[in-house]
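Here the structure is a predicted model, which is why all the values come from computation and not from measurement. Proteins come first, then strands; the chains are lettered A, B, ... in the order of their sequence lines, and each starts at number 1.
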Amino acid sequence: MIDEAFFARDAETVARALIGATLLVDGVGGVIVETEAYDREDPASHSFRGETPRNGAMFGPPGRAYVYRSYGMHWCFNVVCGPGPTGAAVLLRAIEPAAGLDAMRERRGLSDARLLCAGPGRLCQALGVTRAHDGLPLSAPPFRLLASDGPTAVLAGPRIGITKGVETPWRFALAGSRFLSRPLREPCVGSDGRTQRGGLPGGRNLDPIPDLNRSNRLDRKDPR
DNA sequence: ACCCAGATCATCT
DNA sequence: GATGATCTGGGTG
């Protein structure tokens, strides 16, 4: 079981460490395969401009949930980090479904396991996470958070869907996972700190899901 | 494979 | 009044 000390570290460290851990909400969940780090000095972070009613949980103790509504219709699930109340958190972006697949399929209205939790909004819908979970400790029901079994190969890259802090490579993914919200674009920095190409031996792309690698501001590299 | 627009609302300017 | 840590379905090549 993951304890308090686990979260009492900076967001980047926790975001890396969460890859491979298992999250269950009322018994529904799986292996965390994609995260992003945000902290107080980060212009992309909700905490950047200080505490507000919405982001209050981010300024509370580490190890609690921070849940907010995104684009008026999705929920996004974060884990607050430390040390202490620093306004840092890790966004959970994708999970490899492992438990409660039927419940996920019903909530999502989909059967394809690859798409059940591939994205922060999808993940919340599949696990039934809502504002009701905001501020709750991850150490107690309905949550269960289990440390990963063995060593995990973690890749890093730029975060998704933001307009500020675009350069900071604080998106982390389990190497080779088919369950990411979108492929990690090269170059990817491996957990050993070295740049890797292609992600896996013999592989071309990390996760070439057709029609999932769609238009995005970040895709439009200035054609100049 | 890529591009686009609509849904929908709390938060902040 | 605009924006956004998103997702989906539709269109086109």
If you round to the nearest 0.5 Å, how far is [atom2] of [Y] from [atom1] of [X]?
X         : Y        : atom1 : atom2 : value
Leu138(A) : Ile2(A)  : CG    : CD1   : 8.5 Å
Tyr66(A)  : Ser47(A) : OH    : OG    : 8.5 Å
Leu91(A)  : Tyr38(A) : CG    : OH    : 5.5 Å

Atom-pair distance ([atom1] on [X]; [atom2] on [N]), nearest Å:
X         : N       : atom1 : atom2 : value
Leu91(A)  : dT6(C)  : CG    : C1'   : 11 Å
Arg122(A) : dG9(C)  : CZ    : P     : 10 Å
Leu110(A) : dT6(C)  : CG    : C1'   : 15 Å
Arg171(A) : dA5(C)  : CZ    : P     : 16 Å
Trp75(A)  : dA10(B) : CH2   : P     : 9 Å
Leu123(A) : dA5(C)  : CG    : P     : 17 Å
Arg108(A) : dT6(C)  : CZ    : C1'   : 11 Å
Tyr71(A)  : dT3(C)  : OH    : P     : 11 Å

Could you tell me whether the phosphate oxygens of [N], OP1 or OP2, come under 4.0 Å of any side-chain nitrogen or oxygen in [X]?
X         : N       : result
Ser70(A)  : dC7(C)  : no
His46(A)  : dA5(C)  : yes
Arg54(A)  : dC12(B) : no
Ser181(A) : dT6(C)  : no

Partner of [N] by Watson-Crick or G-U wobble geometry, both contacts under 3.5 Å, or none?
N       : result
dA5(C)  : none
dT8(B)  : none
dT13(B) : none

Ignoring hydrogens and geometry beyond distance, is a side-chain donor-acceptor pair present between Arg93(A) and Ser181(A) at under 3.5 Å? yes
His74(A), nearest nucleotide to its side chain (from dT11(B), dA5(C), dT6(C)): dT6(C)
Return the nearest nucleotide to the side chain of Arg49(A); candidates are dC7(C), dA5(C), dT13(B). dT13(B)
Taking atom P in both dG6(B) and dA2(C), compute the distance separating them and give it to the nearest angstrom. 16 Å
Considering only the C1' atoms, how many Å lie between dC3(B) and dA5(C), rounded to the nearest integer? 23 Å
Asp149(A) atom CG, over 12 foreign heavy atoms within 6.0 Å: no
For dA10(B), does the base pair up with any side-chain atom of Tyr68(A) as donor and acceptor (N or O, under 3.5 Å, distance only)? no
Show, in sequence, the C-alpha distance, side-chain angles and deciding distance for Arg107(A) and Gln125(A), and conclude whether the side chain to side chain donor-acceptor pair (under 3.5 Å) test is met. CA-CA 6 Å; Arg107(A) 289 165 177 162; Gln125(A) 188 181 19; over 6 Å; no
When Arg131(A) and Met73(A) are each assigned the nearest nucleotide of DNA chain B, the 5'-most assignment goes to Met73(A)
If stacking means aromatic ring centre less than 5.5 angstrom from the base's six-membered ring centre, planes under 30°, is Tyr38(A) stacked on dA5(C)? yes
